[in-house]
Structures are given as structure tokens and as C-alpha cells.
Amino acid sequence: MAKGITKRADDYSQWYIDVVRKAEMADHSPVKGCMVIKPTGYGIWEKIQQRLDRMFKETGHVNAYFPMLIPESFLKKEAEHVEGFAPECAVVTHGGGKKLEEPLVIRPTSETIIWDSYRTWINSYRDLPILINQWANVCRWEMRTRLFLRTTEFLWQEGHTAHATHEEAEEETYKMVQIYREFAEEYLAMPVLVGKKTDAEKFAGALHTYCIEGLMQDGKALQAGTSHHLGQNFAKAFDVKFQDSDKELKYVHASSWGVSTRLIGGMIMTHSDDNGLVIPPKLAPLPVVIVPIYRNDEQREQVIAKAEEMTAGWDPLFFKIDNRDHYKPGYKFNEWELKGIPLRIEIGPRDVESGEVVVARRDTSEKVTLPMEGLLEKVEALLDDIQANLLKAAKERTEANTHTVDSYEEYKKRIGDGGFFRVFLDHENPKVEEQLQADTRSTIRCIPFDAEREEGECMISGKPCHYRVVAAQSY
RNA sequence: CGGGGUGUGGCGCAGUCCGGUUAGCGCACCUGCUUUGGGAGCAGGGGGCCGUAGGUUCGAAUCCUACCACCCCGACCA
């Protein structure tokens with residue numbers, strides 16, 4: 001059993017903090033709610049960036065960068081937007097030792113500064129669409145923070161697109177939430193619900209918001225990505241018009257979408273266990289570690305030489321030979337498990353002798369003996385199997401914790417145990433959501449796209465409903 | 001912002017009630033030797049103005065006052 005990690009069953013929240021700390025993912029910074037992302041954690045973020053960036057570019061998007069400081073007045077141009085974000089903005093009032101003419105907001109999100117630029121970029125329907133993404137940091141002064149899940153400053157990507165028509169903007173909004181779903185399943189190995197947020201939960205300034213929602217091991221939901229259809233709200237606020245082919249002057253339609261370092265928190269809470277972090281192979285900065293075993297200097301030389309010979313021609317970023325001499329193999333086994341490395345290869349004198357190695361997988365702790373001959377192929381196959389296995393396990397857990405409930409009494413009784421609850425709720429009535437939150441500290445997570453037609457009555461108001469929504473307690 | 005808690009080497013803690021040499025312990029760290037197939041052993045060593053600022057006292061980690069920070073439980077949120 002791993003030293004220094006609280007068991008999930010004893011205290012899930014403490015377990016999470018322990019895993020982040022022991023795996024050396026991140027530290028608290030001197031400023032409340034901020035974190036230092038250490039190489040182990042940042043390496044995973046880099047992987048996420050690489051994979052997602054490719055998916056964005058394959059769908060026609062390009063990257064750009066907009067400034068971090070935004071004139072305060074910009075935020076105020078869209079009524080709902082300012083109401084939603086003003087309370088959590090950090091504001092710069094001084095620069096160069098002088099009080100500023102106008103305070104500058106550290107971006108909580110970049111719609112306003114970007115749409116201010118788009119005004120000058122867009123004149124004709126021929127300028128559209130604009131499909132831009134940016135990788136950036138943002139700052140939101142949250143009341144309560146947790147490493148990766150909610151930090152004062154966090155890293156994310158935000159896509160900001162401009163379109164000639166409502167339909168095109170809608171198509172983009174939908175396309176991007178599907179890309180998030182695909183990324184979550186294929187890379188994070190995290191199954192997600194895909195659907196629409198209720199009005200109460202949508203982005204401040206959007207017509208509607210689509211989202212992906214994962215279910216963590218403790219039964220709480222995690223919003224893992226959002227895609228907003230902004231309609232013409234920001235175009236109107238920033239006066240962004242174009243002349244269409246029919247000669248008419250029209251406001252531009254917009255979308256914005258983002259995922260953040262929160263995904264790393266989601267990854268941890270989806271796969272990790274009481275022995276520490278578990279990284280899905282496709283996101284592992286280091287998929288394979290090789291631990292040499294020896295009793296003396298002569299053996300050490302032999303074993304390491306053999307390990308080098310065995311891995312000749314392998315991608316150097318794919319593996320690492322842990323030749324540190326001041327730790328014993330057992331220590332290294334535990335350390336790499338703690339850090340979630342998907343596969344560990346053990347090679348010692350007896351393996352050098354037999355031409356085989358011992359391969360241990362992080363997800364199941366199974367060890368197998370494999371010949372050095374043709375090892376790379378087998379290792380790659382094992383990594384694929386781990387990736388698939390993690391997704392399968394997470395899917396089964398999510399399904400086992402998805403409940404269909406009809407009575408509010410039963411819901412209230414069971415909601416505390418966690419899980420997704422498929423229920424009839426009149427999501428168009430804000431009072432229903434208020435009541436739900438007040439009674440149960442749970443919310444409607446989303447109205448799934450694939451909700452089938454089914455007749456029932458709202459378990460709070462009794463109003464007839466034609467499909468079920470999904471409610472849960474969430475992070 | 002309400003309720004509860006905690007501030008002592010990098011981390012985790014003891015000491016505080018009842019003031020008194022040089023502030024301890026475990027882990028981690030450094031050096032050396034022996035070790036090395038699931039978190040090694042021994043020996044030696046480095047590292048602290050005890051959250052901050054005042055006060056009481058011959059003397060304060062310990063008593064008094066104020067402030068600050070962080071953590072947990074709620075309200076706010078990706």
C-alpha cells in the first residue's frame with residue numbers, strides 16, 4: 001500500500017489532495033487558490049494540448065493570442081456577461097507606479113477583447129467564418145478552490161468563432177462539443193454525457209451552452225468542457241457587422257468553447273487508485289519506465305547495457321531507463337506507480353540471461369514475462385489495451401452509477417450516495433431548479449442530446465415532461 | 001461572507017493548560033560504508049528569529065491584545 005495516500009473509501013477529498021501531492025503534479029502557491037504546476041502535471045497538460053490542438057486544426061481552426069489585460073468597460077458591454085463575471089474578476093488599478101485612467105481586468109474569459117478585435121477584422125461575408133482558438137491563462141476569483149478542479153488562475157483553450165448565420169454558429173457549437181466528447185473518450189478514457197445546459201447553468205451571455213459531463217469515482221459529476229452558442233449578443237455589444245451577399249448589413253453570429261486544466265483533475269478522479277495516479281497511456285508524457293536490477297557494479301553495467309541495446313531505436317520520449325543508483329528497485333516501483341506511469345519494465349541479471357523482461361501494467365498491477373525480441377510491438381499493444389481497459393472500467397462504473405428515479409422522495413434519499421440520476425424535471429422552470437438545489441445540493445447537469453422521448457411528470461412541479469434530464473451533485 | 005479548526009526546519013507532528021538551560025520527534029535532505037527482483041541498514045551531519053505586530057515579565061513557542069494566513073463545512077463557479 002502506498003505510503004502517504006489516504007484511501008478513497010476513508011476520505012475521498014483527502015485522497016485527491018494526496019494523489020496530486022505525492023505524484024508531484026502541483027503545489028499550492030503563496031497566493032490563495034493558485035497552484036504551481038510541476039513537470040509531472042504540466043507534462044500531461046502538454047499532451048492534452050498537443051492532442052486537442054491537432055483536433056482543432058483538423059477541423060479548420062487556427063491559433064492566435066489576445067492580451068491578458070482587458071479594459072474594464074469592455075466587460076460591461078454585454079449585460080448578462082458582466083453580471084456573470086464581474087464578481088469574480090481580478091482588477092489591475094495601478095501600473096508603472098501610477099493609478100490607471102481605466103482599471104484593467106485580468107481576463108476571466110476573452111470574448112470581449114476578442115470581439116473588439118473582430119469588429120475591425122470583419123466587413124464582408126467573405127471574411128467569415130473566423131475560426132480562432134487561443135491557449136491562455138485566465139483568472140477567476142473563486143470563493144473556494146481545489147487543485148486542478150478550480151484554481152484562481154488556470155490554463156485553458158478558448159475557441160472564438162464568427163459566422164454569417166445562426167445555423168453555421170449552431171453547427172460549430174455542436175461540432176466542438178462533439179470534439180470534446182471524442183477527446184474525453186479517446187484520450188482521457190473518460191466517458192461523458194453530452195447535452196445542453198439549462199438556462200440557469202448556461203454561460204453568461206450565451207443563447208445556450210452544450211457540455212460534456214463526467215462522473216467521478218465518488219459519484220459526483222464534473223463539467224469537463226463547454227461550447228456556447230453566443231448568437232448575436234457579442235456582435236451587438238461590440239458592433240460587429242458584415243455586409244452579406246444580399247447587400248444587407250447584418251450582425252455576426254458567434255460561438256465560444258473551452259476546456260481547462262480541470263481535465264487533469266477529471267483524469268485523476270476517473271482513473272487513479274489508492275496507490276496513486278493512473279495516467280491513460282495516450283496522455284502519458286512518459287509511457288514506459290525501465291527499472292534495472294543488479295547486485296553490484298558489474299551487473300549494473302551489464303543490465304543497463306542490455307536495456308540500452310533492447311531499446312535501441314525506440315523514441316527517446318517514449319521511455320526512460322531509471323538508472324539512479326541511490327534508490328533500490330522496490331522504491332522505484334512504488335514511485336513510478338505513484339506517478340501513474342502506464343507500464344514498467346523490470347530487467348535484471350536473470351532476464352539478461354534468459355533474454356526476457358518482466359512487464360508490469362499500472363491499471364491492473366499484472367506482471368507478464370515477455371521476450372526482448374520484438375518487445376516494442378508487444379509494449380505498444382499492452383499500452384493500447386490499458387487505454388481501452390481504463391475506458392471500459394470507467395464506462396462500467398458510470399453505467400452502474402446511473403440511476404433512473406421517478407419519485408422526489410426516492411431521489412432525495414439517494415442523491416447523497418452519488419451518481420447520475422435520470423429524472424423528469426421541468427428544466428424550463430427556474431423555480432424547479434432552485435427547489436432542487438435547496439433541497440438536495442444537486443443540479444440538472446444536462447439535457448442529454450440522446451434523451452429518448454418518454455412521458456412523465458416533473459418530480460417537483462408535476463408538470464408533464466417528454467424526456468428525462470440528468471441531475472447530480474457536482475464539483 | 002456565516003459555522004468550525006489550525007499556524008513550531010521541506011512535509012507530518014509533540015511541547016502551550018501550569019513561562020525557566022542549547023525547542024524536540026518521525027519522514028525527507030547531505031557524507032561515508034554495507035546494500036539492491038516490492039518503499040534497505042548503520043554511523044556522522046546540515047537545516048528553526050515557534051504566522052505577524054504590540055504588550056506583561058528578570059525571562060515568552062508558552063500569558064494578554066490586535067491583526068494576518070491557511071484548511072474543512074456551506075453560499076459563488078470551468
Side-chain angles (χ1 to χ4, degrees), chain A residues 1-6 11 13-14 17-18 21-22 24 27-34 83-89 108-109 137-158 180 197 200-204 209 211-214 221-228 256-266 275-276 291-300 303 322-338 344-353 356-358 360 365 367 369 434 437-438 441 443 445 473-475:
Chain A
M1 190 50 53
K3 284 185 198 165
I5 295 187
T6 306
D11 183 346
S13 173
Q14 188 58 47
I17 294 166
D18 289 347
R21 203 187 58 234
K22 298 293 280 187
E24 295 180 13
D27 283 338
H28 286 283
S29 95
V31 176
K32 175 177 152 59
C34 292
E83 197 185 319
F85 283 103
E88 55 190 61
C89 282
T109 176
N137 57 344
V138 287
C139 188
R140 297 183 187 176
W141 218 264
E142 305 286 359
M143 302 285 177
R144 189 159 164 221
T145 56
R146 316 181 105 208
L147 292 169
F148 289 111
L149 296 174
R150 182 172 299 104
T151 45
T152 303
E153 179 193 6
F154 57 96
L155 304 181
W156 76 345
Q157 58 69 215
E158 45 181 330
Y180 288 154
K197 283 286 181 196
E201 299 273 324
K202 72 173 188 189
F203 178 76
T209 290
C211 66
I212 56 171
E213 293 274 332
L222 183 76
Q223 179 173 310
T226 47
S227 182
H228 319 292
S256 71
W257 28 273
V259 296
S260 72
T261 34
R262 166 178 275 193
L263 290 179
I264 296 174
N275 291 322
V291 178
I293 296 155
Y294 45 82
R295 285 174 193 282
N296 51 48
D297 284 352
E298 193 194 340
Q299 283 187 350
R300 175 179 146 87
V303 166
D322 183 359
N323 57 12
R324 291 175 299 174
D325 197 27
H326 54 287
Y327 291 122
K328 290 173 60 178
Y331 181 92
K332 294 177 183 177
F333 295 170
N334 280 287
E335 179 179 352
W336 293 116
E337 271 166 22
L338 211 49
R344 179 183 71 244
I345 298 176
E346 305 169 15
I347 176 168
R350 89 180 173 226
D351 305 297
V352 172
E353 197 72 23
E356 294 177 326
V357 288
V358 175
S365 302
K367 282 189 182 187
T369 304
E434 270 173 43
Q437 183 146 19
R441 288 195 286 130
T443 48
R445 300 315 300 164
Q473 292 185 338
S474 70
Y475 278 97

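The sequence lines fix the lettering, A, B, ..., with proteins before strands; numbering per chain opens at 1. A quick note: this is a predicted structure, and the numbers were derived from the prediction, not measured.
Between the A:Lys22 side chain and the A:Ile5 main chain, no donor and acceptor come within less than 3.5 Å of each other.
With sequence neighbours excluded, no residue forms a side chain to side chain donor-acceptor pair (under 3.5 Å) with A:Glu201. In this view, A:Glu24 and A:Lys339 satisfy the salt bridge (charged side-chain N to carboxylate O under 4.0 Å, His left out) rule, not counting sequence neighbours. Judged as a salt bridge (charged side-chain N to carboxylate O under 4.0 Å, His left out), and not counting sequence neighbours, the contacts of A:Glu337 are A:Arg344. A:Asp11 is linked by a salt bridge (charged side-chain N to carboxylate O under 4.0 Å, His left out) to nothing, counting only residues two or more places apart in sequence or in another chain. Judged as a ring pair (Phe, Tyr, Trp, His ring centres under 6.0 Å), and not counting sequence neighbours, A:Tyr180 has no contacts. A:Asp325 pairs by the salt bridge (charged side-chain N to carboxylate O under 4.0 Å, His left out) definition with A:Arg300, not counting sequence neighbours. In this structure A:Phe85 satisfies the ring pair (Phe, Tyr, Trp, His ring centres under 6.0 Å) test together with A:His81, A:Phe203, sequence neighbours excluded.
When each of B:rG37, B:rA75, B:rC71 is scored by its nearest atom to the side-chain atoms of A:His28, the top-ranked nucleotide is B:rC71. Distance from the side chain of A:Arg441 is smallest to B:rA75 among B:rG37, B:rG39, B:rA75. Taking only side-chain atoms of A:Glu142, from C-beta outward, the nucleotide of B:rC76, B:rG37, B:rG39 with the closest atom is B:rC76.
One C1' atom belongs to B:rG5, the other to B:rA43, and the distance between them is 42 Å to the nearest Å.
For A:Glu335 against B:rG39, no side-chain N or O and base N or O form a donor-acceptor pair under 3.5 Å.
Pairing analysis of RNA chain B (Watson-Crick: purine N1 to pyrimidine N3 plus N6-O4 or O6-N4; G-U wobble: N1-O2 and O6-N3; both under 3.5 Å) yields stems of 3 or more pairs at B:1-7 with B:68-74, B:10-13 with B:24-27, B:29-34 with B:40-45, B:51-55 with B:63-67.
Computed from coordinates, the A:Tyr294 OH to B:rU36 C1' distance equals 7 Å when rounded to whole Å. Separating the CD1 atom of A:Ile17 from the P atom of B:rC71 is a distance of 9 Å, rounded to the nearest angstrom. Per the geometry, CZ belonging to A:Arg324 stands 16 Å off P belonging to B:rG39, to the nearest Å. Whole-Å rounding puts the A:Lys328 NZ to B:rG39 P distance at 6 Å. The distance between atom CZ of A:Phe333 and atom C1' of B:rA40, rounded to the nearest whole Å, is 14 Å. Separating the CG atom of A:Asn323 from the C1' atom of B:rU36 is a distance of 14 Å, rounded to the nearest angstrom. Taking atom NZ of residue A:Lys367 and atom C1' of nucleotide B:rG38, one finds them 7 Å apart after rounding to whole Å.
The phosphate of B:rC76 (OP1 or OP2) has a side-chain N or O of A:Gln437 nearer than 4.0 angstrom. Considering only side-chain N and O atoms, A:Arg295 lies nowhere under 4.0 angstrom from the phosphate OP1 or OP2 of B:rU35.
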Interface polar pairs with nucleotides 27-34 of chain B, N/O, under 3.5 angstrom:
{"unit_1": "B:rC29", "atom_1": "OP1", "unit_2": "A:Tyr327", "atom_2": "OH", "d": "3.3"}

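The distance from the NE2 atom of A:His228 to the OG1 atom of A:Thr109 is 7.0 Å, given to the nearest 0.5 Å.
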